[in-house]
*Asks:* 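Just dropping this structure here.
No hydrogens, no waters, no symmetry mates; every other heavy atom, side chains included, goes into these values. Indexing begins at 1, ligand by ligand and atom by atom, following the structure's order.
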Amino acid sequence: DSDELIEIQNYATANKASINEDMFGKYEGRNVIFVSMESLQSFVINEEMNGHVVTPFLNSLTQDQDTYYFSDFYHQTGLGKTSDSEFIVENGFLGSGNGAAFFTNGENTYTSLSQRLGENGYYTSVMHANNKSFWNRDRMYQSLNIDHFYDVDAYTIGEGQSVSWGMKDIPFFEQSAQILGQVEQPFATRLITLTNHHPFELEEQDKLIPEYDSNSGTLNRYFQTVRYMDESLKVFFEQLKANGVYDNSIIVMYGDHYGISELHHKAMAQYLGKEQLTAYDHALLQSVPMFIHIPGSNDGKEIATTSGQMDLRPTILHLLGISTASDVEFGNDLFSEEHPNFVPFRDGRVVTSDYVYTQDVCYDRATGEETTIDVCAPAMERAASVMHYSDQIISMDLLRFFEQNYETSHQKE
Ligand code: GP9
Ligand code: MN
């Protein structure tokens, strides 16, 4: 046993929001389809670029009767980019502060979302048309107890179906849906898109809107590749409906991390119609869209809870009726009345419903103006604990102790 783990487990348990009784287990037995939307940020949602709608399909979901749209949701990734977002969603705590945990700690023991789903009868997988060793995924997915990785070898990339980093999103979703129509149910999977990745390149026939007109080619092309990805998501939904998987599934979609870095601040300011961007603006620009689409739920709405990728693990497990009460995780159920409206970023920044803490300054979100640091202090302290404990779990491989206890207690039952 480990004293460090006991302390962390106590902290995690003491900071867990209560469950929402009405939502817990409401969708027990449904398949879960996560879609990691490459580099997608919230600033394009329900907006136009020079008169062109950028995300028509996702915009329709923000108004959809079967979709919960989370409009103040943030990525929490660091240097590990896509892999960090996977790490956070799987584990419910932050990735490493000085590298990609997928590389540095790919052989640790984890109590992942996929593992919990597997214990509850789910067939778990990841679908991503890239080489299996990119981000050390092949090794890490074993540690996360993911049953199968549909990597590039699971796909047939025909003439004209590849651009830039690899397989285009539309054929990727078409072939993925075909596979999902055949695997045993219930399944849980994560599809990772690729086309909307820097340097944001497309072939002519896939450009559905023109480029933007700033001095940043990166931002200019970004709108086009986002528009293409949006189209691919629409195709995916159609395919899932056609093969019968749709009705018995929950589809969770989230942006993995920012696509436009602070290097492009001038062009971003132009697009947003601002003179210049401040540290406060840059923090809020880390918002990524998140949707929980539940066919037949008929309860869809916008939810403005201030939340982040860490919150997905408990939220989804609870919808399926799987308890996380004893799990070491720091996210909170997004349907809980007690959600803390708090997001720690991996670099020390903190966003709450009321405040933003960045670069040693505390801002009031009601005015966007600087305010006294005291009002940010409780959130800063909480963020420091989450960062510190996440680092400890990773660097000392602490969940190997948790897993021993968990297995013993389950054998006794
Ligand atoms: C690569 C894809 C992109 O497989 O996940 O990785 P990123 O550069 O966004 O971390
Ligand atoms: Mn990515």
*Asks:* Would Ser71 and Glu302 count as a side chain to side chain donor-acceptor pair (under 3.5 Å) if you check the C-alpha gap in whole Å, the side-chain angles of each, and the deciding distance to 0.1 Å?
*Replies:* CA-CA 7 Å; Ser71 55; Glu302 176 177 336; 2.7 Å; yes

*Asks:* Near Asn130, which atoms of ligand 1 are under 4.0 Å from a heavy atom of that residue?
*Replies:*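 Contacts of ligand 1 toward Asn130, numbered from 1: 1 (C), 4 (O).
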
*Asks:* Parallel, tilted or perpendicular, judged at 30° and 60°: which one describes the rings of Tyr280 and Tyr363?
*Replies:* tilted

*Asks:* How are the rings of Trp165 and Phe134 set to each other: parallel, tilted or perpendicular (split at 30° and 60°)?
*Replies:* perpendicular

*Asks:* Find all atoms of ligand 1 within a distance of less than 4.0 Å from any non-hydrogen atom belonging to His257, and give their numbers and elements.
*Replies:* 9 (O)

*Asks:* Is the ring pair Phe43/Tyr222 parallel, tilted or perpendicular, if the boundaries are 30 and 60 degrees?
*Replies:*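 Rings of Phe43 and Tyr222: parallel, under 30°.
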
*Asks:* Looking at the Mn ion (ligand 2), is there an N, O or S atom belonging to His257 that lies under 2.8 Å away from it?
*Replies:* yes

*Asks:* Side chain or backbone, does Trp165 bring an N or O within less than 3.5 Å of an N or O on ligand 1?
*Replies:* no

*Asks:* Using the ring of each side chain (for Trp, its six-membered ring), is Phe200 parallel, tilted or perpendicular to His198, with breaks at 30° and 60°?
*Replies:* perpendicular

*Asks:* Which residue and non-hydrogen atom of the protein lie closest to atom 8 (O) of ligand 1, and at what distance in Å?
*Replies:*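 The protein heavy atom lying closest is His197 NE2, 2.8 Å.
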
*Asks:* Among all protein non-hydrogen atoms, which one is nearest to atom 5 (O) of ligand 1, and what is the separation to 0.1 Å?
*Replies:* Arg137 NH2, 2.8 Å

*Asks:* Kindly give the atom name of the N, O or S atom of Asp256 closest to the Mn ion (ligand 2).
*Replies:* OD2

*Asks:* Regarding ligand 1, does His128 bring an N or O atom to under 3.5 Å of one of the ligand's N or O atoms?
*Replies:* yes

*Asks:* Knowing that exactly one of Tyr150, Phe172, Phe173 qualifies, which makes a ring-ring contact (aromatic ring centres under 6.0 Å, His included) with Tyr155?
*Replies:* Phe172

*Asks:* Check if Glu38 has a non-hydrogen atom at a distance under 4.0 Å from any atom of ligand 1.
*Replies:*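 True for this residue.
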
*Asks:* Between Arg221 and Glu201, does the salt bridge (Lys or Arg N to Asp or Glu O under 4.0 Å) criterion hold? Intermediate values first, please.
*Replies:* CA-CA 7 Å; Arg221 291 188 302 277; Glu201 287 169 342; 5.7 Å; no

*Asks:* For the Mn ion (ligand 2), decide whether Ser36 has an N, O or S atom at a distance under 2.8 Å.
*Replies:* no

*Asks:* May I ask you to check if ligand 1 and Ser83 share an N or O to N or O distance below 3.5 Å?
*Replies:*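 By distance alone, the answer is no.
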
*Asks:* Does Asp247 pair with Arg30 as a salt bridge, N-O distance under 4.0 Å?
*Replies:*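 Result for this pair is no, no salt bridge flagged.
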
*Asks:* Within 45 degrees of the axis of the six-membered ring of Tyr258 and under 6.0 Å from its centre: does Lys81 put its NZ or CZ there?
*Replies:*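 Yes; both conditions hold, so Lys81 lies above the ring face of Tyr258.
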
*Asks:* Mark up the atoms of ligand 1 that fall under 4.0 Å of a heavy atom belonging to Trp135, in ascending order.
*Replies:*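 Under 4.0 Å from Trp135, ligand 1 has these atoms: 6 (O), 7 (P), 10 (O).
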
*Asks:* Of all the non-hydrogen atoms in the protein, which one sits nearest to atom 7 (P) of ligand 1, and at what distance?
*Replies:*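 For atom 7 (P) of ligand 1, the nearest protein heavy atom is Thr82 OG1, 3.0 Å.
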
